[in-house]
S.K.: 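Quick one: this structure, given as structure tokens, is what I'll be asking you about.
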Amino acid sequence: MLTYLIDDDAVSLFVAEQTLRLEGFMAPIIPFVGAEEALAYLLPRLVSDPPKFIFLDLNMPVMDGWGFLDVLAPHAAALKDWCRIYLLTSSLALVDTEKAQSHALVHGLIHKPLDEDGIRAAILERNRTAPTAARKFIAPINQGGA
Amino acid sequence: MGIPADFSLLANILEYSPALICAVDPHGQLQHVSGACRHLLGRENNQLVGQAFADIVHPEDRAAALAACERAREQDGPVRFESRCLNPAGEEVVLEWSAFRPPADALLLCIGRDVTEQRQAARHAREQDAYHRAVTEHGFDMMGLLSEECCYLYVGGSITPALGYQPEELLGRSAFDFIHPDDVAAVQASWTEQSNQPIFTVSDFRFRAAGGEWRWMETSVSNQLLNPDIRAYTAISRDVTERKLSSLAQYDSEQRFRALFDNDSALAAFIAPDGRILDANPALLAYLNKARHEVLNLILAGFLPEEVRTLFIKNRDKAASGQKTQFETSVQFAGRQAQTLKVAYTPLVVEGAVVGIYFTVQDITEMAAAQRLIKQQAARLHMVLESIADAFLSTDKDWNLTYLNSEGERLLDLRSEEALGKNMWELFPEEASSIYRQKYPEALNNGQTVQFETYSKREKRWFELKVYPFAEGVSVFFADITKRVESDKQLKLLALVAQGTVNSVIITDAQGRTEWVNDAFTKDTGYTLAEMLGQKPGAVLQGPETDPAAIRRFQERLPLPKPFSVTVLNYKKSGQKLWFAMDITPIFNDAGDLTQFIAIQQNINFRKEIEASQAKMTQDLYRHNRDLQQFTYVISHNLRAPLANALGLATVLTKVDKNTDVFATALANLRQSMVQADNVLKDLNMVLSIRDKKDMQPLEPLALKEVCEQAINNMDEALHQCGGRVALNVEDHLMTRGSRAYLYSIFYNLLSNSIKYRSGERPLQVDIQCHTGTHGGPTITFTDNGSGFDMFKAGSDVFQLYKRFHTNQRGRGIGLFLVKTHVEAMGGKIEVASEVNFGTRFTIHLDKR
């Protein structure tokens with residue numbers, strides 16, 4: 001399960017990657033230090049090799065998480081079934097949570113740090129759509145919200 | 001008879017003497033009668049012998065004859081006497097008797113000579129003379145004898161009653177002296193021409209009477225120059241003045257009639273009762289295009305178009321019965337335009353019988369057309385008068401109503417047919433003594449329009465009247481202005497209210513031009529009524545800061561027939577601002593036409609000031625609130641980020657082997673995260689302290705140049721390292737008021753940013769200009785040629801805490817936030833302009849000291 005991590009904060013990237021590894025993510029995890037770098041990599045692979053997961057930081061210089069989503073908006077149809085985008089933010093501000101819930105491309109919002117529960121919820125929620133999905137694991141992803 | 005022979009001579013004498021010889025005895029009986037008795041008395045002498053002498057004498061003369069005979073018997077000598085005798089035919093025979101008695105004889109001899117003819121002649125002559133005298137003295141004719149030179153030799157007595165002259169006044173004078181100079185020539189001519197004739201008549205002449213007037217004389221002259229008894233002209237004259245004048249008049253009138261007839265432009269004919277033309281004037285002949293002989297004795301109607309003949313004949317017959325007729329008809333001759341003719345038949349009646357008819361025709365086509373035109377115009381005038389909204393009436397100079405239109409009927413409650421021709425003052429007795437009686441004649445007498453308003457008790461209405469004099473009387477327009485008068489009254493009351501109110505009141509006409517303002521308006525704005533009159537209030541009152549939206553609202557709402565309100569910033573005459581809350585009410589007349597606007601306005605400056613300060617407070621609050629939100633966000637993100645990382649690292653550390661690289665990195669990251677958290681807390685503390693101190697910071701006068709140079713000096717090493725240069729240009733003695741630390745921080749942070757975000761392609765060049773700005777305080781422009789940033793992307797975030805626009809340079813995103821905070825803490829403003837790869841310029845406006 002190809003996963004992108006987008007965050008300008010190197011420590012945060014490190015934490016997220018290590019946590020995913022510890023939870024058994026074997027597939028490639030590609031870290032990006034900015035939204036523009038991530039887009040430059042993603043856009044040519046949108047159809048051929050899209051990521052299964054994108055963990056996206058909101059607060060970044062130059063282009064923040066919302067800017068990244070805006071660029072992807074035209075490709076929503078292509079991404080929708082395959083790629084799951086989770087916002088990964090240190091912000092507890094309610095406004096971000098509300099905005100995330102109503103955004104078509106966003107599947108959930110996870111407050112930093114990314115931990116075992118968050119990863120499981122994301123994966124399980126992804127599997128929910130599959131026939132073999134274990135329905136008991138379905139839970140709101142933003143339960144830890146402010 | 002016993003007479004001797006010698007007696008036979010005597011007997012013969014007796015027998016044949018023409019004289020009647022009678023012998024009368026003393027008893028008066030005839031003894032002998034001579035033979036003359038036969039032719040004188042028609043009797044035989046034997047018949048007379050024995051009869052009384054008296055019997056042969058006319059009874060009237062008997063006594064005288066007997067008396068004469070008695071005297072002859074008694075005296076010697078004959079006695080002569082005369083007596084009339086009657087012959088058998090009854091004719092008088094005058095006998096001159098000579099009676100005597102021979103001596104010694106008893107018989108009286110009477111010898112009678114027939115003097116009948118002499119006596120008759122004498123009597124005739126006597127009668128002639130008396131008659132002549134009577135005629136000359138009492139007749140109308142005047143008689144005169146004229147010498148060969150025409151001088152009066154004798155003048156008959158009737159001259160006196162006729163001409164006033166005494167006969168002797170004329171004697172010796174020439175008759176021509178008395179003849180009118182104009183007539184002398186004619187008289188002389190006829191005299192000269194005829195004077196050889198025994199009797200001739202001179203032409204009539206005018207003779208001057210004693211009183212000086214001229215009398216016409218008809219004179220016949222008889223030439224008696226050769227008559228030895230007369231040797232003169234006899235002139236018999238008669239005063240014929242009256243006849244002459246009347247004949248002249250008759251001639252004149254005949255001539256006049258003829259002239260009229262011949263020259264009359266009207267067509268005229270004299271026709272017999274049966275219609276035959278006896279005479280036609282040239283106009284008629286020309287009209288019929290005929291010569292006189294072509295129409296004479298023909299029937300007139302025959303010359304007319306067939307369709308009108310009956311009409312003409314009918315009227316002619318009427319005239320033939322003695323009735324004058326007149327009619328108008330339209331006649332269309334072939335090839336001519338239809339004409340309107342006015343035809344008259346006038347019968348000429350002599351002694352009760354119609355002897356002829358005078359026929360005249362006038363072409364009144366133009367007149368008829370003119371009359372039609374007049375009728376049309378009258379109708380049009382009537383229509384106009386009826387259609388005018390005002391009531392209208394007219395009177396003649398005697399105040400008799402000559403016209404009243406329907407509106408007038410309505411207002412006066414009169415019917416035109418009943419009122420026309422009636423006297424105004426009788427129609428309106430209650431007003432006969434009122435203002436009408438004064439104003440109407442005023443118009444008529446002065447020839448000027450009079451206008452007045454009055455209350456009619458009769459109609460219980462107010463009227464406005466305009467009285468126009470014209471040639472035949474006056475025309476009066478009047479309108480019911482009761483409503484207007486009442487509304488005027490109300491208006492006056494309202495004006496009182498408006499005058500007294502503390503609110504400004506403006507009344508404008510329908511076009512928005514000021515008609516009136518009240519005192520409160522003048523008090524509020526400083527403009528007097530005189531200054532406002534005719535002006536549009538907006539043009540006078542609005543100014544540079546008047547909201548165009550408010551003006552637009554005016555323009556949109558004014559045409560609508562509804563009151564509306566608008567709040568607008570105006571300017572007093574003094575230039576001070578003045579907020580008005582205006583209530584504008586359009587006023588309509590009965591016809592629904594817009595007549596005025598009334599604007600009532602409240603001075604709401606006070607309210608506006610409160611509103612302004614409220615708005616400022618709200619804005620401040622909003623800003624504070626926004627700042628607080630910003631803080632929340634900053635805290636939520638920037639403080640929590642390192643903590644969250646620390647949290648995550650702590651978990652990682654528990655799960656990885658202590659001897660791996662991951663563990664070491666995690667540990668190092670954990671430390672970094674804690675430092676980061678600490679930095680944020682320090683930043684927050686600093687920012688909060690600036691805010692808290694904002695109002696307490698002691699403000700001191702600061703020399704811009706000094707503080708700026710200090711900052712540049714402290715950055716000298718960093719500048720030197722990157723090869724940057726700073727050009728500083730500060731106006732001499734330029735001062736501001738504020739905190740030295742803040743001003744230093746501003747320059748320091750800006751310089752720091754310029755160095756940090758310098759372009760890699762060129763050496764850094766910073767240009768700092770400080771001068772006095774348009775707002776009166778110092779303006780600082782800080783320009784570098786660095787990498788710049790995208791203004792569109794940065795938006796309003798440039799000066800926000802922890803916002804960064806560069807990923808390749810490390811920065812906390814606090815520098816510009818601090819600059820802005822410091823500038824605002826000193827009461828200034830900061831703006832930024834930037835272009836990627838070109839540079840950035842900050843402009844700072846500070847308060848003056």
Side-chain angles (χ1 to χ4, degrees), chain A residues 5-24 31-38 40 55 57-68 70-71 87-97 99 109-119 144-146, chain B residues 629-657 660-677 680 757 789-790 793-795 797 800-813 836:
Chain A
L5 294 174
I6 306 169
D7 199 330
D8 67 317
D9 183 350
V11 177
S12 185
L13 276 178
F14 176 81
V15 171
E17 187 182 347
Q18 293 310 317
T19 308
L20 286 169
R21 297 279 178 221
L22 286 170
E23 287 303 315
F32 298 97
V33 294
E36 281 164 325
E37 290 87 340
F55 292 96
D57 183 23
L58 279 181
N59 188 30
M60 292 179 288
V62 185
M63 181 184 281
D64 65 6
W66 299 117
F68 176 85
D70 288 344
V71 176
L87 299 180
L88 188 61
T89 178
S90 57
S91 168
L92 300 175
L94 204 57
V95 62
D96 286 337
T97 312
K99 201 170 169 184
L109 183 141
I110 300 165
H111 291 111
K112 287 181 183 177
L114 180 64
D115 58 13
E116 193 178 343
D117 295 340
I119 292 163
Chain B
Q629 276 182 341
Q630 191 68 40
F631 251 85
T632 313
Y633 195 81
V634 166
I635 289 162
S636 143
H637 188 274
N638 292 62
L639 186 55
R640 195 170 175 279
L643 291 175
N645 282 345
L647 206 57
L649 289 166
T651 309
V652 169
L653 284 169
T654 58
K655 294 188 177 175
V656 294
D657 188 345
T660 58
D661 286 345
V662 175
F663 186 84
T665 309
L667 201 59
N669 280 343
L670 180 60
R671 180 182 164 73
Q672 191 192 333
S673 294
M674 298 320 290
V675 170
Q676 199 182 340
V680 171
Y757 301 115
F789 58 87
D790 186 332
K793 285 185 185 167
D797 291 338
Q800 284 197 7
L801 186 58
Y802 299 134
K803 284 287 176 185
R804 290 178 297 127
F805 302 94
H806 300 84
T807 47
N808 52 348
Q809 296 290 342
R810 296 309 301 176
R812 302 214 310 276
V836 175

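Predicted model only: the values in this text are computed from it and were never measured. Every chain is numbered from 1 and lettered A, B, ... according to where its sequence line falls, protein lines coming before strand lines.
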S.K.: Using non-hydrogen atoms only, which part of A/E23 is less than 4.5 Å away from chain B: side chain, backbone, both, or neither?
M.R.: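 Only the side chain of A/E23 comes within 4.5 Å of chain B.
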
S.K.: Got A/V15 and B/N669 here, is their nearest side-chain heavy-atom distance under 4.5 Å?
M.R.: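 They are not in contact (no side-chain heavy atoms under 4.5 Å apart), so the answer is no.
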
S.K.: Please report the closest heavy-atom contact between B/V652 and A/L22, naming both atoms and the distance.
M.R.: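 Heavy atoms only, the tightest pair is CA-CD1, 4.2 Å.
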
S.K.: Taking side chain as everything from C-beta outward and backbone as N, CA, C, O, which of these in B/A666 sits under 4.5 Å from a heavy atom of chain A? Side chain, backbone, both or neither.
M.R.: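 Contact with chain A: backbone and side chain both.
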
S.K.: Count the heavy atoms belonging to other residues, nucleotides or ligands that lie under 6.0 Å from CG of B/D661, then report whether that count exceeds 12.
M.R.: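 Atom CG in B/D661 is not crowded, with 12 or fewer foreign heavy atoms closer than 6.0 Å.
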
S.K.: Who wins among B/L649, B/N645, B/L643 for the most heavy-atom pairs under 4.5 Å with chain A?
M.R.: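 It is B/N645.
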
S.K.: Shortest non-hydrogen contact from B/R640 to A/K112?
M.R.: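 Nearest heavy atoms, B/R640 then A/K112: NH2-O, 2.9 Å.
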
S.K.: Who among B/V662, B/T651, B/T665, B/L647 has the most heavy-atom pairs with chain A under 4.5 Å?
M.R.: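 Ranked by contacts with chain A, first place is B/V662.
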
S.K.: Does any backbone or side-chain atom of A/D9 lie under 4.5 Å from a heavy atom of chain B? Answer side chain, backbone, both or neither.
M.R.: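 For A/D9, the side chain is the part near chain B, not the backbone.
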
